[in-house]
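Below you'll find the structure, written out as structure tokens, and then a few comments.
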Amino acid sequence: QVRLVESGGGSVQTGGSLTLSCEYSGLPDRRSCMAWFRQAPGKEREGVVGLATGGGYTFRADFVKGRSSLAQDKVNPRWYLTMRNLQPEDSAMYYCAALNTDSPYQCGSRPHEYTYWGQGTEVSVSS
């Protein structure tokens with residue numbers, strides 16, 4: 001059974017940083033992909049960054065390029081998304097999602113592609 005649990009959200013001021021964590025279990029290594037999505041009130045859910053569990057990005061949104069980084073801990077299965085220079089438009093609920101697949105590097109940025117979802121962690125950026 002796949003389980004995803006997000007944490008690390010909070011309130012920061014413009015220009016601040018946060019590291020979001022996704023604790024995962026039940027995913028086969030190298031045959032799954034994971035992604036962070038976000039959804040602000042009144043807006044559609046959008047992809048932020050994706051990762052194949054064997055390592056390597058599958059996608060990265062333009063709005064986080066240059067101010068984000070990913071790290072994966074395979075011993076205590078978690079992966080971390082650090083976002084820097086946060087802006088008010090980054091305020092949203094952030095979700096971790098996953099998909100079992102034999103082609104993890106073909107995973108995309110559309111929410112409907114993903115089977116498993118966490119409950120989300122909220123990020124609020126004040127000006």
Original post:
For the side chain of S91 and the backbone of V125, is there at least one donor-acceptor N/O pair under 3.5 Å apart?
Top reply: yes
Original post:
Which is it for R60 and V49 under the side-chain contact (heavy atoms from CB on, under 4.5 Å) test, yes or no, and what are the steps along the way?
Top reply: CA-CA 4 Å; R60 191 163 36 170; V49 64; 4.1 Å; yes
**OP:** Applying side-chain contact (heavy atoms from CB on, under 4.5 Å), run through L51 and W36 and close with a yes or a no.
**Re:** CA-CA 9 Å; L51 170 77; W36 283 100; over 6 Å; no
Subject >> Shortest non-hydrogen contact from T101 toward C107 >> reply: CG2-SG, 3.7 Å
**OP:** Establish whether V5 and V2 are linked, either directly or via other cluster members, by ILVMFWY side-chain heavy-atom contacts under 4.5 Å.
**Re:** no
**OP:** Keeping the roles fixed (side chain from E6, backbone from G120), state whether a donor-acceptor pair exists under 3.5 Å.
**Re:** yes
Subject >> D90 vs L18, side-chain contact (heavy atoms from CB on, under 4.5 Å): CA-CA, chis, key distance, verdict >> reply: CA-CA 11 Å; D90 293 314; L18 279 176; over 6 Å; no
Original post:
So, for F37 and Y114, is the gap between ring centers shorter than 6.0 Å?
Top reply: yes
Subject >> Approximate separation, where rounding is to 0.5 Å, of R67 CZ and L86 CG >> reply: 6.0 Å
**OP:** State the OG1-CG distance between T58 and L99, to the nearest 0.5 angstrom.
**Re:** 10.0 Å
Subject >> Single-linkage hydrophobic cluster, 4.5 Å side-chain cutoff, M93 and F63 together >> reply: no
Subject >> pair L20-V123: side-chain heavy atoms closer than 4.5 Å >> reply: yes
Original post:
Y95 and L4: side-chain contact (heavy atoms from CB on, under 4.5 Å), yes or no, with the steps?
Top reply: CA-CA 9 Å; Y95 297 93; L4 305 171; over 6 Å; no
Subject >> Closest heavy-atom pair and its distance - P28, N100 >> reply: CD-OD1, 3.1 Å
Subject >> Closest non-hydrogen atom pair, S32 against P104 >> reply: O-CB, 3.4 Å
Original post:
For the residue pair E89 and R38, what are the closest heavy atoms and their distance?
Top reply: O-NH2, 3.9 Å
Original post:
Between M34 and L27, what is the shortest heavy-atom contact and its length?
Top reply: SD-CD1, 3.7 Å
Original post:
Same hydrophobic cluster for V48 and W117, using side-chain heavy-atom links shorter than 4.5 Å among ILVMFWY?
Top reply: no
Subject >> Neighbour count >12 (heavy atoms, 6.0 Å) for atom CZ, R84 >> reply: yes
Original post:
How about V12 and S17: do any of their side-chain heavy atoms sit closer than 4.5 Å?
Top reply: no
Subject >> Shared hydrophobic cluster, Y57 / V64 (ILVMFWY, side-chain heavy atoms < 4.5 Å) >> reply: yes
Original post:
Would the number of heavy atoms belonging to other residues, nucleotides or ligands and lying under 6.0 Å from CZ of R110 be above 12?
Top reply: no
Original post:
Has Q106 got more than 12 heavy atoms of other residues, nucleotides or ligands less than 6.0 Å from its CD?
Top reply: no
**OP:** Taking all heavy atoms of A61 and all of G47, pick out the closest pair and write down the distance.
**Re:** CB-O, 3.5 Å
Original post:
Just wondering, are more than 12 heavy atoms of other shown residues or ligands nearer than 6.0 Å to CD in Q119?
Top reply: no
Original post:
Hey, is the main chain of R30 close enough, under 3.5 Å, to the side chain of T53 for a donor-acceptor pair?
Top reply: yes
Original post:
For the atom pair SG (C22) and CG (D73), what is the distance rounded to the nearest 0.5 Å?
Top reply: 12.5 Å
Original post:
Checking Q87 side chain against N85 main chain: does a donor-acceptor pair fall under 3.5 Å?
Top reply: yes
Original post:
According to a 4.5 Å side-chain heavy-atom criterion applied to Ile, Leu, Val, Met, Phe, Trp and Tyr, with indirect links allowed, do Y24 and Y80 form part of one hydrophobic cluster?
Top reply: no
